[in-house]
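Small disclaimer: the values here were computed from a predicted structure and weren't measured.
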Amino acid sequence: MLEGKALVEDTDMPLTMQIQAMSSASQALDLYDVFDCKSIAGFIKKEFDGKYGNGWQCVVGSNFGCFFTHSKGTFIYFTLERLKFLIFKGASSP
């Protein structure tokens, strides 16, 4: 497990959810090759959908741009190993 080695860059998640995000990322890195970002993201999304309800999105990689709207209290962006992780629950824009 790689817990404790993550660097949170930005978040509005409650601490318990942040810990779950980093734990899920660590578990995914134990299960999948570090270059299999799609499987890593899918694993994390399924974990969050199961624990916190459907609608979660996850982006994993070393270089990506994004623009999104998220539900308040559901966003985290962190680095673990060589990868960046963006996890959030989508929201409709007004």
Flag, side chain of D49 to backbone of G55, donor-acceptor distance under 3.5 Å: yes

OH-SG distance between Y32 and C37, expressed to the nearest 0.5 angstrom: 13.0 Å

Joint cluster assignment, W56 & F68, ILVMFWY side-chain distance < 4.5 Å: no

Yes or no on side-chain hydrogen bond (donor to acceptor under 3.5 Å, both in side chains) for Q20 and S24, after CA distance, side-chain angles and deciding distance? CA-CA 6 Å; Q20 177 66 46; S24 292; 3.0 Å; yes

For residues F43 and L86: do they belong to one hydrophobic cluster (side chain heavy atoms under 4.5 Å, members Ile, Leu, Val, Met, Phe, Trp, Tyr)? no

Mind checking the CG-CD1 spacing from D33 to I40? Nearest 0.5 Å is all I need. 7.5 Å

Can you confirm whether the side chains of S71 and K89 place a donor and an acceptor under 3.5 Å from each other? no

Nearest-0.5 Å distance that lies between atom CG in L80 and atom OG in S26: 6.0 Å

Evaluate L29 against L83 for side-chain contact (heavy atoms from CB on, under 4.5 Å), listing each step before the verdict. CA-CA 10 Å; L29 287 171; L83 296 175; 3.9 Å; yes

Does V59 belong to the same Ile/Leu/Val/Met/Phe/Trp/Tyr cluster as M17, with side-chain heavy atoms less than 4.5 Å apart forming each link? no

Tell me whether F85 is reachable from V8 by hopping between hydrophobic residues (I, L, V, M, F, W, Y) whose side-chain heavy atoms are closer than 4.5 Å. yes

Looking at CD of Q27 and CE of M22, how far apart are the two atoms once the value is rounded to the nearest 0.5 Å? 13.0 Å

Might you confirm whether atom OH of Y52 has over 12 heavy atoms from other residues, nucleotides or ligands at distances under 6.0 Å? yes

May I ask you to decide if K72's main-chain N or O and D12's side chain share a donor-acceptor pair within less than 3.5 Å? no

Would you confirm whether S23, through its side chain, and I19, through its main-chain N or O, come within 3.5 Å as a donor-acceptor pair? no

Once you round to the nearest 0.5 Å, how far does CD of Q57 lie from CD1 of I44? 13.0 Å

How long is the span from the CZ atom in F78 to the CE atom in M13, to the nearest 0.5 Å? 8.5 Å

Qualifying residue, where the test is ring-ring contact (aromatic ring centres under 6.0 Å, His included) with H70 and the options are Y77, F75, F88: F75

Do E9 and K84 pass the side-chain contact (heavy atoms from CB on, under 4.5 Å) test, and can you show the C-alpha distance, the side-chain angles, and the key distance before you say yes or no? CA-CA 10 Å; E9 304 207 20; K84 306 273 187 185; 2.9 Å; yes

